[in-house]
Protein chains: 2
Amino acid sequence: MSKKQLIMEKALELFAKQGFEATSVQQITDHCGISKGAFYLSFKSKDELIFSLIDYFMTQLISDIDYKVKNTQNNELLFTYFYTTFQTFSQHSDFAKVLMKEQAQTFHNQELIEKMYMYDRLVDKATLSMVERLYGEEIINTKYDLVYCIKGLMSNYSKLMLFSNVPLDLKLLSESLVEKINLLAEHATIAFISEDFIRSMEQPALKEVTNEQLLEMLTLKIEEMEESIEKESLILLKQHLLDPSLNLAIVKGLIENIRNHPHCKWISYLLLSYFNF
Amino acid sequence: MSKKQLIMEKALELFAKQGFEATSVQQITDHCGISKGAFYLSFKSKDELIFSLIDYFMTQLISDIDYKVKNTQNNELLFTYFYTTFQTFSQHSDFAKVLMKEQAQTFHNQELIEKMYMYDRLVDKATLSMVERLYGEEIINTKYDLVYCIKGLMSNYSKLMLFSNVPLDLKLLSESLVEKINLLAEHATIAFISEDFIRSMEQPALKEVTNEQLLEMLTLKIEEMEESIEKESLILLKQHLLDPSLNLAIVKGLIENIRNHPHCKWISYLLLSYFNF
DNA sequence: TTGACAATTGACCGATTAGTCATTATTATA
DNA sequence: TATAATAATGACTAATCGGTCAATTGTCAA
């Protein structure tokens with residue numbers, strides 16, 4: 001076994017127990033029986049290690065799911081989907097635990113968050129195409145909800161599987177979920193998640209906007225606006241960004257002034273999030 | 001506002017954004033505009049702060065849910081359950097985010113993990129009693145699965161609500177979940193989670209609260225409260241605990257008086273279960 | 001056996017953390 | 001106004017972190 005693999009295996013055990021942030025490089029190297037320096041011969045940083053782990057397992061998981069979805073008869077498809085996923089989680093329970101623990105944006109590395117988000121979307125995509133193939137036109141309104149139900153049930157039962165130490169009957173579990181999802185697909189009528197909603201979520205998450213960016217946008221906007229309360233408000237807001245002197249309540253009011261102007265919606269949205277309103 | 005409250009509010013904002021571990025005490029005090037020393041005048045450690053936050057919100061949430069479950073007509077119960085929970089999450093979205101982020105055993109403080117586990121079990125308990133009341137004998141085999149489905153769907157849709165920045169139609173969301181759960185309750189036949197399984201997972205949850213504990217809590221609460229109907233009610237309840245003399249109806253009324261005071265939710269929940277209401 | 005090179009080590013570094021405490025500022029009282 | 005009591009401060013400590021690198025050990029052809 002290469003040193004890299006050794007580190008990945010041993011580190012995964014610790015991450016599953018304690019979480020990524022809570023595990024130090026020293027602990028990992030102790031657990032491997034190597035020195036700290038040796039760690040950095042295999043990985044250039046601790047981030048690169050978790051990056052490798054997530055890439056290694058997620059590519060496998062997603063290609064597995066995708067292959068199964070594409071190459072299974074309809075009558076067995078849903079069962080296969082659940083069963084293989086649960087089996088994979090069961091076989092690689094340490095990784096699954098890490099995934100569960102770190103799912104909610106625990107990482108500080110922006111690149112890693114984006115990677116996780118991308119993998120999540122890929123799973124969604126495979127699930128959606130399965131749902132569409134299985135139920136066709138009859139669930140055209142509720143298909144996104146169906147995907148979210150599958151996700152919700154899977155993640156909750158996975159938690160049960162991973163964090164209870166009782167060995168579970170994964171076939172029975174998968175069958176019970178198949179029954180549930182079939183029921184929902186055939187009889188549920190109220191759609192909550194619409195196509196539009198999905199599209200609005202798909203846009204890249206807003207990065208924290210900087211003072212400089214806001215100033216630049218304000219300057220441009222002020223130039224293009226005609227004399228009005230809105231323009232006056234923008235000017236005051238710009239001055240406040242350059243030299244903060246206004247009461248927060250006043251700032252909020254100024255943003256409120258421009259919030260409904262058709263050309264200022266975006267900038268007011270950014271200002272609101274900049275000032276944490 | 002007391003300094004303690006200020007710290008709790010400001011810290012919650014940061015925890016929601018960055019997570020508990022990733023937020024330093026220095027950041028919190030900067031955000032409050034106070035010194036680091038001042039923080040330790042209000043809380044004896046960073047752990048005590050997150051402890052207080054979780055206690056403060058979870059006691060409210062659980063007593064709210066419990067009360068709703070006990071005091072809503074069957075035909076509206078499930079909707080009310082979903083709607084109030086989503087509304088609470090929406091109103092206290094920072095706390096809900098912290099809850100989501102830290103749900104998977106991220107904490108290192110053992111006491112805190114146990115506390116979270118206890119609260120989780122209490123929610124399960126309230127949900128189970130709702131399910132039993134709604135569907136009675138017909139779901140006797142699948143009731144635990146039903147509870148887990150409710151949890152899974154709720155947590156997944158809550159994530160959607162909290163981390164998408166689009167305002168959502170919570171009534172529609174609740175209605176769609178009501179439909180789904182009704183379908184599962186009425187038609188699902190395959191049970192995965194058995195009574196035995198639950199029992200094997202069970203560790204001591206809420207111990208029966210004693211007269212002495214209640215007296216102590218009441219004494220503390222009475223001290224910190226301002227003159228009001230609520231305080232008067234607490235004093236009468238304390239006297240009744242020391243020397244039972246009041247009619248049960250009066251006791252129930254007194255508890256009702258304090259039930260909606262934000263600082264009395266937990267104690268009223270404990271009183272209700274103590275008197276078997 | 002030697003010497004050149006590669007692999008490995010762990011003491012060390014700067015940064016950051018939770019938490020402390022002598023000092024200073026503020027408020028209440030006489 | 002003077003004095004005591006209380007509140008607040010921020011420089012400081014000890015510990016831990018990820019990451020580095022001069023020094024040491026191991027390997028193997030000559």
Side-chain angles (χ1 to χ4, degrees), chain A residues 1-55 98 101-102 105-113 115-116 208, chain B residues 1-55 98 101-102 105-113 115 223-224:
Chain A
M1 194 197 316
S2 76
K3 189 135 295 173
K4 210 161 176 166
Q5 273 180 294
L6 174 72
I7 293 172
M8 282 172 77
E9 273 184 27
K10 296 294 185 185
L12 192 57
E13 290 173 20
L14 295 174
F15 292 165
K17 267 189 223 154
Q18 313 169 338
F20 172 70
E21 302 282 353
T23 303
S24 68
V25 174
Q26 190 68 63
Q27 275 181 284
I28 296 169
T29 55
D30 287 352
H31 199 225
C32 291
I34 61 172
S35 70
K36 208 171 170 185
F39 175 91
Y40 287 94
L41 293 175
S42 294
F43 297 94
K44 75 176 209 293
S45 68
K46 195 185 162 194
D47 272 359
E48 195 189 271
L49 167 61
I50 187 72
F51 216 102
S52 299
L53 280 170
I54 286 177
D55 249 10
V98 172
K101 278 208 166 85
E102 318 292 341
Q105 307 172 25
T106 317
F107 298 120
H108 303 133
N109 183 321
Q110 185 61 31
E111 210 182 338
L112 196 48
I113 291 174
K115 197 123 212 166
M116 293 286 281
E208 204 67 30
Chain B
M1 195 197 316
S2 75
K3 189 136 293 173
K4 210 161 176 168
Q5 274 180 295
L6 173 73
I7 293 171
M8 284 172 76
E9 273 183 26
K10 296 294 184 185
L12 192 58
E13 290 173 20
L14 295 174
F15 291 163
K17 266 191 221 154
Q18 312 170 338
F20 172 69
E21 301 282 353
T23 303
S24 68
V25 174
Q26 190 70 64
Q27 274 181 286
I28 296 169
T29 55
D30 287 352
H31 199 226
C32 291
I34 62 172
S35 70
K36 207 170 171 186
F39 174 91
Y40 286 93
L41 294 176
S42 294
F43 296 94
K44 76 176 207 295
S45 69
K46 195 185 164 195
D47 272 359
E48 194 188 273
L49 166 61
I50 187 72
F51 216 100
S52 299
L53 280 169
I54 286 176
D55 248 10
V98 171
K101 279 208 166 86
E102 318 292 342
Q105 307 171 28
T106 317
F107 298 120
H108 303 133
N109 184 322
Q110 186 59 31
E111 210 182 340
L112 197 48
I113 291 173
K115 196 122 211 165
E223 272 173 25
E224 79 179 50

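Reminder, nothing fancy here: chain letters follow the sequence lines and each chain counts from 1.
Within the structure, every pair that satisfies the salt bridge (Lys or Arg N to Asp or Glu O under 4.0 Å) test and touches residues 35-54 of chain A, not counting sequence neighbours, is listed here: Lys44(A)-Glu48(A).
Residues forming a side chain to side chain contact (heavy atoms under 4.5 Å, CB included) with Gln27(A) (at least two apart in sequence, or on another chain): Leu14(A), Gln18(A), Thr23(A), Ser24(A). Qualifying side chain to side chain contact (heavy atoms under 4.5 Å, CB included) partners for Thr29(A), counting only residues two or more places apart in sequence or in other chains: Val25(A), Gln26(A), Ile34(A), Phe39(A). Applying the side chain to side chain contact (heavy atoms under 4.5 Å, CB included) criterion to Ser42(B), with sequence neighbours excluded, gives Lys3(B), Lys4(B), Ile7(B). Under the salt bridge (Lys or Arg N to Asp or Glu O under 4.0 Å) criterion, Asp55(B) pairs with Lys115(B), not counting sequence neighbours. When the side chain to side chain contact (heavy atoms under 4.5 Å, CB included) test is applied to Met8(A), the partners found at least two apart in sequence or on another chain are Phe43(A), Leu49(A), Ser52(A), Leu53(A), Tyr56(A).
One distance of note links CD1 of Ile28(A) with CG of Leu6(A); it measures 11.0 Å at 0.5 Å rounding.
Residue Leu41(B) is classed as a base contact, given a heavy-atom separation below 4.0 Å to a base.
Rounded to whole Å, atom P of dT8(C) lies 10 Å from atom CD1 of Ile7(A).
Applying the 4.0 Å criterion to OP1 and OP2 of dT8(C), one finds that Lys3(A) has a side-chain N or O inside that range.
With a cutoff of under 4.0 Å to any heavy atom of chain B, the contacted region of DNA chain D is bounded 5' to 3' by dA8(D) to dG10(D).
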Using a cutoff of under 3.5 Å, can you pull out all pairs of nitrogen or oxygen atoms linking the protein to nucleotides 15-24 of chain C, with atom names and distances?
residue	atom	partner	partner atom	Å
dA18(C)	OP1	Lys46(B)	NZ	2.8
dA18(C)	OP2	Val25(B)	N	3.0
dA18(C)	N7	Lys36(B)	NZ	3.0
dG19(C)	OP2	Tyr40(B)	OH	3.1
dG19(C)	OP2	Lys46(B)	N	2.8
dG19(C)	N7	Lys36(B)	NZ	3.0
dG19(C)	O6	Lys36(B)	NZ	2.7

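Within the 4.5 Å cutoff, side-chain heavy atoms of Val98(B) are placed close to those of Ile50(B).
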